[in-house]
Amino acid sequence: MTVKINFDEQHQIFHLTNQKISYILGIEEGQLLAQLYFGKKITSYHNSRRYPRLDRGFSPNLAGQPAEIDRGFSKDVLPQEYSGNQTGDYRQTAINLTDDVNGASAADFRYADFKIVSGKPHLKGLPQTYIEKRDEAQTLIIHLIDATLRTSLYLSYTIYDQRAVIIKSAKLVNNSDRIIRIDKIASAQLDLPKNNFDLISLYGAHVNERQIQKNELPFGITEISSRRGSSSHHFNPFIALVDKHISETSGEAIGVQLVYSGNHQFTIEKDYIQQLRIITGINEYGFNWQLAPTAEFQTPEVIFAYTDKGLNDLSLTYHKLLRERVARGKFKYAKRPIVINNWEATYFDFNATKIKAIIDKAAPLGIEMFVLDDGWFGKRDDDKSSLGDWYEYVDKLSDGGGLANLAEMVHKKNMQFGLWFEPEMISADSKLYRQHPDYALTIDNREMTPSRDQYVLDFSRDEVVDNIFNQICQILDTVKIDYIKWDMNRHLTEVYSHALNNTKQGEVYHRYMLGVYDLAERLVTKYPDILFEGCSGGGGRFDAGMLYYFPQSWTSDNTDPIARLKIQYGTSLAYPLSSMTAHVSASPNHQTGRQTSLAMRAGVAFAGVLGYELDLSKLTDDELKTIAMQIAFYQKHWQLLQYGDFKRIKSPFEENEVAWEFVSANQEEVMLFNYRILSEAQPSFSITKLTGLKDNYLYQETTTHHQYYGDELMNVGLYDAPVAKQDFTVTIKHFKKIK
Ligand code: GLA
């Protein structure tokens, strides 16, 4: 096995390494756990980079050091693994604890012992990376103790064979006889020596998710976070520290991805001597946790990735890991069905006749699944009622004999049937609310804050989760359902649980997430044949946490292909294409009003999991024929488009001409997409150089039969000339190795 975790007894150094990376940490004076190196694999570490000692004014020394104290040694500058509050490190700390008895806030963890286990221990109740074979990974667990608080901290580091990632998490165990209050507990800290890294992050909004920004880091603290109770459209739980001059194919980068879907926090601090400290985990906002004697708290985990080969390589590392060791279940490598979804076709205004008209058109085109979206339950005719009432709205589909009949009709057409749910929500106008107003997150004597006219259920309570679970099972056990779209259409406010006492209200945000994960786990376990798609007003909870339960997610409520170029490009930084669903919708587009051709709409939706979301019964025969051809094309190439290596070539954030490419694992097949956004009277002819091919393979373009060697396509490239005098065009080229 090439995964190795070594402990050098003499120098007190741990070295985690595989074929690609090394992660090195050591035990310094006073048993402080110091970070020594994270980067490209090295054969062996000879203590070459011991942190220089220098007496710096106002950076204090170590508590409890003997009289001959070394003034050159300070927690305030030493790169560490996990620092605590109030004990000499003035930077952001990973953990802030308060002793409940005397109210003192301080934490100072020192090394006690370690163990190395093969594989990777399971984290109960949390999403996580996992192993399939015991020998594909090793985990180092370092035990640290705060002697005053009598608490133990277990830092976990997993390294996999071949993958350029380190997975970290932390667990706190209270061995004392009193309550310890956790004010903050990060998943991990990474301290880096002075460098020239810029920060990449994914900001956005509803219908504008995961836009890429790259910023120079100032002295002080930069924060990327969510306080919305969900990972959010606004800041995705992923960042990368990248060389100033990074390109897709060259330069160093460190990725940091949190496997969590609730409030997150990434702080990146440049200290007074230009060192970087990255801390990530559950957001400390609105968080505190009463850790009772003998109780433990396990943080979510975080995936650190490293590359020296540019951003695309970092993305591929994440794509593979998320696809192979985060996503689970029978769909993880499976062909994902091409759906027709009725949302943008009908919104709430449907009956069985209208739906049947869409299905009748869809079946002969080769569409594989019909998804009935919002509006089939309770008494739901608009977004003002019925969330929480997960039973059939009998009047709605009565013209077709109800939901079960509709499902049967769909199956008779050899299509599968999918259904929309929004499990975490409650409408004031619902049976559930009338029966259990306390099931909503509310604060007594305070008005509730509405959003989309709905409220959030208190998923920190088991009985609430059980209620929704039972209602959903009732539907799933009576109607044949192959797919569920799990939506979440507002963020949390009045985060207060009527089931917890006043000292425990700071636990509600996280307990809410644990409730969501619990419900998801119970459903995917009980119904392994159902494909789940995550959704939150489009891509509002597009994160590695949800991916553990749902192998795909609705990428955005914005279905305009031009907007999607950026959204999908940005999403691909951290997430695999098999997780990104993309639908062809009507033109003019409902979100932007932009008019685009069917070819352009499909040209963008092909890059991911293809679906349709428009009223097929309103299309002309020619349009339907075009769609049939698009589906035939996708059926032929889904393997490459869902699971091939995705290569970004020309960015929509920088250019009018955009290009991306898919390469098969054996490099024998390639699909190139060139998009031209605006038409120009004097267009430039830019060149697209393909990447990731084999130099000496001879590739043939499958429509023109032109032949090129791999090195020709990668170095000489192809002209990307306009194909029509119009805005928004796409060309697709498919190459296959012939020699
Ligand atoms: C969210 C989803 C949409 C649709 C609506 C229904 O906005 O992202 O696709 O399901 O809810 O209310």
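Here the two rings, on Tyr548 and Tyr517, have centers that are 6.0 Å apart or farther. Taking the six-membered ring wherever Trp is involved, the centroid distance between the rings of Phe417 and Tyr483 does not fall below 6.0 Å. Taking the six-membered ring for Trp and the full ring otherwise, the centers of Phe377 and Phe421 sit at least 6.0 Å from each other. In this structure, the ring of Tyr575 has its center no less than 6.0 angstrom from the ring center of Phe238. Aromatic rings of Tyr675 and Trp660 (six-membered ring for Trp) have centroids within the 6.0 Å cut-off, being under it. Aromatic pair Trp343/Phe350: ring centres not closer than 6.0 Å.
No donor-acceptor contact under 3.5 angstrom links the side chains of Glu623 and Thr626, judged on distance only. With 3.5 Å as the limit, one finds a donor-acceptor pair spanning the side chains of Gln642 and Tyr634. Defined by atom type and a distance below 3.5 Å, a donor-acceptor pair is present between the side-chain atoms of Asn674 and Thr688. One side chain, Thr493 or Arg490, offers a donor N or O that lies under 3.5 Å from an acceptor on the other. No side-chain donor from either of Tyr347 and Asn342 sits under 3.5 Å from a side-chain acceptor of the other. A side-chain donor from one of Asn208 and Gln211 sits under 3.5 Å from a side-chain acceptor of the other. A donor and an acceptor atom, one from each side chain of Glu422 and Trp486, are nowhere located under 3.5 Å apart. Using modelled atom types, one finds a donor on one side chain and an acceptor on the other under 3.5 Å when comparing Glu344 with Gln591. For the residue pair Thr442 / Glu494, no side-chain donor-acceptor distance below 3.5 Å is found, with atom types taken as modelled. Side chains of Gln416 and Glu368: a donor-acceptor N/O pair is absent below 3.5 angstrom, by distance only. Side-chain contact of Lys335 with Gln635: a donor-acceptor pair under 3.5 Å is present, judged by distance alone. Remark: the Ser230 side chain and the Arg541 side chain contain no N/O donor-acceptor pair separated by less than 3.5 Å. Side-chain contact, Ser579 with Gln552: no donor N or O sits under 3.5 Å from an acceptor N or O.
From Asp543, atom CG reaches atom CG of Asn236 across 7.0 Å, with rounding to the nearest 0.5 Å. Note that the CH2 atom of Trp554 and the NE2 atom of His583 stand 4.5 Å from one another [nearest 0.5 Å]. One distance of note links CG of Asn215 with CD1 of Ile200; it measures 9.5 Å at 0.5 Å rounding. To the nearest 0.5 Å, atom CD1 of residue Ile567 and atom CG of residue Asn558 are 4.5 Å apart.
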Test side-chain contact (heavy atoms from CB on, under 4.5 Å) on Ser226 and Phe235 and set out the steps.
CA-CA 6 Å; Ser226 169; Phe235 288 104; 5.6 Å; no

Could you walk me through whether Thr559 and Arg564 pass the side-chain hydrogen bond (donor to acceptor under 3.5 Å, both in side chains) test, one step at a time?
CA-CA 6 Å; Thr559 52; Arg564 275 290 185 127; over 6 Å; no

Could you please spell out the steps behind the side-chain contact (heavy atoms from CB on, under 4.5 Å) verdict for Asp557 and His206?
CA-CA 7 Å; Asp557 271 349; His206 178 230; 3.0 Å; yes

Between Thr346 and Ile358, is the side-chain contact (heavy atoms from CB on, under 4.5 Å) condition met? List the steps.
CA-CA 10 Å; Thr346 66; Ile358 295 174; 4.1 Å; yes

Criterion side-chain hydrogen bond (donor to acceptor under 3.5 Å, both in side chains) on Ser427 and Asp429, from CA distance to verdict
CA-CA 5 Å; Ser427 305; Asp429 181 7; over 6 Å; no

Test side-chain contact (heavy atoms from CB on, under 4.5 Å) on Leu372 and Leu403 and set out the steps.
CA-CA 10 Å; Leu372 185 62; Leu403 190 65; 3.7 Å; yes

Where do Lys354 and Asp349 land on the salt bridge (Lys or Arg N to Asp or Glu O under 4.0 Å) test, with the steps shown first?
CA-CA 9 Å; Lys354 266 197 191 178; Asp349 183 18; 3.3 Å; yes

Let me see the working for Asp381 and Tyr393 under side-chain hydrogen bond (donor to acceptor under 3.5 Å, both in side chains), right down to the final yes or no.
CA-CA 10 Å; Asp381 287 313; Tyr393 182 1; 2.7 Å; yes

Show your working on side-chain hydrogen bond (donor to acceptor under 3.5 Å, both in side chains) between Glu533 and Thr581 and close with a plain yes or no.
CA-CA 9 Å; Glu533 175 161 332; Thr581 54; 2.8 Å; yes

I'd like to know whether Phe331 forms a ring-ring contact (aromatic ring centres under 6.0 Å, His included) with Phe532, so could you lay out the CA-CA distance, the side-chain angles of the two residues, the decisive distance to 0.1 Å, and finally the verdict.
CA-CA 9 Å; Phe331 299 98; Phe532 284 76; 9.0 Å; no

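Checked by atom type and distance alone, the side chain of Arg210 pairs as donor or acceptor with a backbone atom of Gly539 at under 3.5 Å. Of the possible donor and acceptor atoms, none in the side chain of Ser386 sits under 3.5 Å from a partner among the backbone N and O of Asp389. Ser553 places no side-chain N or O within 3.5 Å of a backbone atom of Thr555 that could act as its donor or acceptor partner. Within the 3.5 Å criterion, the main-chain N or O of Gly378 finds no donor-acceptor partner in the side chain of Lys396. For Ser587 (side chain) and Thr596 (main-chain N/O), a donor-acceptor pair under 3.5 Å exists by modelled atom type. When atom types are taken as modelled, the side chain of Ser684 and the backbone of Ser686 share no donor-acceptor pair closer than 3.5 angstrom. The main-chain N or O of Leu598 is found under 3.5 Å from a side-chain atom of Gln630 such that the two form a donor-acceptor pair. Judged purely by atom type and a 3.5 angstrom limit, His233 uses its side chain to pair as donor or acceptor with the backbone of Ser536. Here the side chain of Asn263 pairs a donor or acceptor atom with the backbone of Gly229 at under 3.5 angstrom. The main-chain N or O of Leu678 is never found under 3.5 Å from a side-chain atom of Asp727 such that the two would form a donor-acceptor pair.
Closest heavy-atom contact between Leu573 and Ser315: O-OG, 2.8 Å. Taking each heavy atom of Val479 and Ala407 in turn, the nearest pair found is CG1-CB, 3.7 Å. Contact between Pro450 and Tyr455 at its shortest, heavy atoms only, is CB-OH, 3.5 Å. A pairwise comparison of heavy atoms in Tyr260 and Pro300 identifies CD1-CG, 3.5 Å as the closest pair. Between Ala345 and Asp615, the closest heavy-atom pair is CB-N, 3.5 Å. The two residues Asp487 and Gly537 come nearest to each other via the heavy atoms OD1-N, 3.1 Å.
With respect to Asp560, the salt bridge (charged side-chain N to carboxylate O under 4.0 Å, His left out) criterion is satisfied by exactly one of Arg601, Lys566, Arg594: Arg594. Screening Leu441, Leu519, Leu492 for a side-chain contact (heavy atoms from CB on, under 4.5 Å) involving Phe459 leaves a single residue, Leu519.
With sequence neighbours excluded, the residues that form a side chain to side chain contact (heavy atoms under 4.5 Å, CB included) with Lys480 are His411, Asp482.
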